[in-house]
Every structure is written in structure tokens, then in C-alpha cells.
Amino acid sequence: MSGSGLITTGTVAQNRRARHDFSIVETFEAGIVLTGTEVKSLRHGRANVAEAFAGRKDSLTPEIWLYNAYIPEYQSKTPFSHETRRPRKLLMHKREIRRLLAAVARDGMTLVPMSLYFNDRGMAKIQIGLAKGKNKVDKRQSIKERDWNRQKQRLMRDKG
């Protein structure tokens, strides 16, 4: 972070519940089409992708869109603003898009936004996970494994 409080590189928003609710098979990085006020709002570190999801807009074009991602309006005196929860187009290679859409259609998987960040070049990117939903048993098993690993680490640290 620079002295002015603006984010030039690093994470803006994270979906912390994604790994709890879904088992992530594979992750992808995608660009995102934004307007100027959306980028300014993101640079101030304000966004939420916890309730967002990705999918296709229509069945004719091989495109992936991000829905329900919240980017608040930029607080300035400009007359041009943006919709806070508008659909935003994701930029990926056509081959990747077709592969993801085929997995969603065939295997019943979903596309979950994991995090929204600025890369080293200052471009806004979103990490998308190809995920399969967990049921209650899977969630309990994940919690048990996490607790056991934490306990193992404590025992190893205390013993040796």
C-alpha cells in the first residue's frame, strides 16, 4: 500500500466461505471488465464477492459473467456512477471458457469467485474456482480434519 491509502497491488476482496461450502477442483485467473469509477472504488479497498457467482449470460455466446459482486459507488462529486451489482464480463481465453462451461454443464459443478485483487501490473483480476458443492457430512469431515491437523501441529511444537 502506498501512503495515500490506495491499493495498487494485492487483495481487495476475498470469499472466505468458498472453501467451506465447496470443494475447489481447480482455480483460474480472469480479467474483469470494469468502468472507471469501479476501479477507483476497488483501489480504496471496498468490494464484496462473498455472495457472487459466475456463469453464462445466454447459451449463444461462449462468455462468462460475474453476477452479484458488490462494488460500492465511488464517493465523489462526479455525475457518472455505476450500478453496484451489475453483471460484469470476465476475460479469459476461449479454450478455458469452453472447458469451464462444459464442466458446469456436464458434471454439475459451479464457478465460485475466490478473490478479487490487483496483480503486479495494477490490473484488476478475479480468481475463480471450479467447485463441487459440499453436503453437511463433507463439511463436518473438513472441520474434523482441520482440527486434527491443528492439534497435531500443537503436539509437535510442544514435544519437539
Side-chain angles (χ1 to χ4, degrees), residues 1-34 38-39 41-57 63-73 84-93 95-160:
M1 261 192 191
S2 62
S4 63
L6 297 178
I7 297 174
T8 55
T9 59
T11 304
V12 176
Q14 254 186 335
N15 187 354
R16 294 176 185 266
R17 291 210 44 97
R19 294 203 187 270
H20 178 72
D21 292 337
F22 300 96
S23 58
I24 308 299
V25 177
E26 198 172 353
T27 59
F28 296 91
E29 182 182 66
I32 184 167
V33 177
L34 299 170
E38 288 173 330
V39 175
S41 188
L42 287 178
R43 293 246 182 242
H44 284 282
R46 296 181 303 200
N48 186 0
V49 293
E51 300 163 357
F53 63 97
R56 65 181 346 162
K57 199 169 197 173
E63 295 176 340
I64 295 180
W65 292 74
L66 181 67
Y67 296 101
N68 209 25
Y70 178 72
I71 300 175
E73 292 181 352
T84 56
R85 292 194 184 268
R86 73 175 180 87
R88 294 167 178 93
K89 186 176 179 181
L90 298 183
L91 305 172
M92 299 174 76
H93 292 285
R95 187 181 308 126
E96 283 182 337
I97 291 172
R98 285 195 179 116
R99 192 170 128 219
L100 286 174
L101 292 176
V104 167
R106 181 184 59 242
D107 300 333
M109 298 182 133
T110 57
L111 298 174
V112 180
M114 306 290 286
S115 64
L116 182 62
Y117 58 93
F118 288 103
N119 67 0
D120 296 336
R121 294 176 44 203
M123 307 291 282
K125 300 285 183 177
I126 189 158
Q127 184 181 26
I128 292 188
L130 182 63
K132 199 167 197 69
K134 286 184 183 179
N135 54 19
K136 283 187 178 181
V137 176
D138 294 337
K139 289 179 187 178
R140 284 195 296 260
Q141 187 63 33
S142 297
I143 292 169
K144 276 184 188 176
E145 285 179 24
R146 186 175 59 230
D147 289 346
W148 171 238
N149 287 334
R150 204 175 288 150
Q151 195 174 3
K152 275 196 307 192
Q153 291 297 323
R154 274 192 211 116
L155 289 172
M156 293 299 286
R157 187 179 60 231
D158 293 344
K159 297 255 184 204

Worksheet item: Considering residues, nucleotides and ligands other than Asn149, do more than 12 of their heavy atoms fall under 6.0 Å from its CG?
Response: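 Above 12, so yes.
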Discussion item. Would you say CZ of Arg46 has more than 12 non-hydrogen atoms from neighbouring residues, nucleotides or ligands within 6.0 angstrom?
Written reply: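 Enclosed.
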Please find the pair of heavy atoms, one from [X] and one from [Y], that lie closest to each other, and give the distance.
X: Val112; Y: Ala131; result: CG2-CB, 3.9 Å
X: Pro113; Y: Ala52; result: CD-O, 3.5 Å
X: Gly129; Y: Met114; result: N-CG, 3.7 Å

Side-chain donor/acceptor of [X] to backbone N/O of [Y], under 3.5 Å:
X: Asp107; Y: Met109; result: no
X: Arg88; Y: Arg86; result: yes
X: Lys57; Y: Lys89; result: no
X: Asn48; Y: Tyr70; result: no

Worksheet entry | Derivation of the side chain to side chain contact (heavy atoms under 4.5 Å, CB included) call for Val104 and Thr110 | CA-CA 6 Å; Val104 167; Thr110 57; 5.9 Å; no
Discussion item. As a test of understanding, state which of Arg56, Met92, Glu26 forms a side-chain contact (heavy atoms from CB on, under 4.5 Å) with Leu100.
Written reply: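 Passing option: Met92.
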Practice prompt. With the side chain counted from C-beta on, respond yes when Leu130 and Leu111 share a heavy-atom pair under 4.5 Å apart, and no when they do not.
Written response: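 Side chain of Leu130 against side chain of Leu111, heavy atoms only: contact under 4.5 Å found.
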Worksheet item: Given side chains that start at C-beta, do those of Arg146 and Ile143 come closer than 4.5 Å, heavy atoms only?
Response: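 With C-beta onward as the side chain, the pair touches.
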Only counting residues at least two apart or in another chain, list the ones meeting side chain to side chain contact (heavy atoms under 4.5 Å, CB included) with [X].
X: Ala47; answer: Val12, Ala13, Leu42, Ile71, Leu116
X: Thr27; answer: Ile24, Gln127
X: Phe53; answer: Tyr67, Asn68

Practice prompt. State which residue, out of Gln14, Lys125, Glu29, fulfils the side chain to side chain donor-acceptor pair (under 3.5 Å) condition with Tyr117.
Written response: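 With Tyr117 as partner, side chain to side chain donor-acceptor pair (under 3.5 Å) holds for just one option, Glu29.
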In Å, rounded to the nearest 0.5 Å, how long is the span from [atom1] of [X] to [atom2] of [Y]?
X: Ile32; Y: Ile64; atom1: CD1; atom2: CD1; result: 12.0 Å
X: Phe28; Y: Leu90; atom1: CZ; atom2: CG; result: 12.5 Å
X: Asp158; Y: Met156; atom1: CG; atom2: CE; result: 11.0 Å
X: Arg157; Y: Lys152; atom1: CZ; atom2: NZ; result: 14.5 Å
X: Gln141; Y: Glu145; atom1: CD; atom2: CD; result: 5.0 Å
X: Gln151; Y: Arg154; atom1: CD; atom2: CZ; result: 7.0 Å

Worksheet item: Should the pair Lys144-Asp147 be classified as a salt bridge under the 4.0 Å nitrogen-to-oxygen rule?
Response: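 A salt bridge is absent here (no side-chain N lies under 4.0 Å from a carboxylate O).
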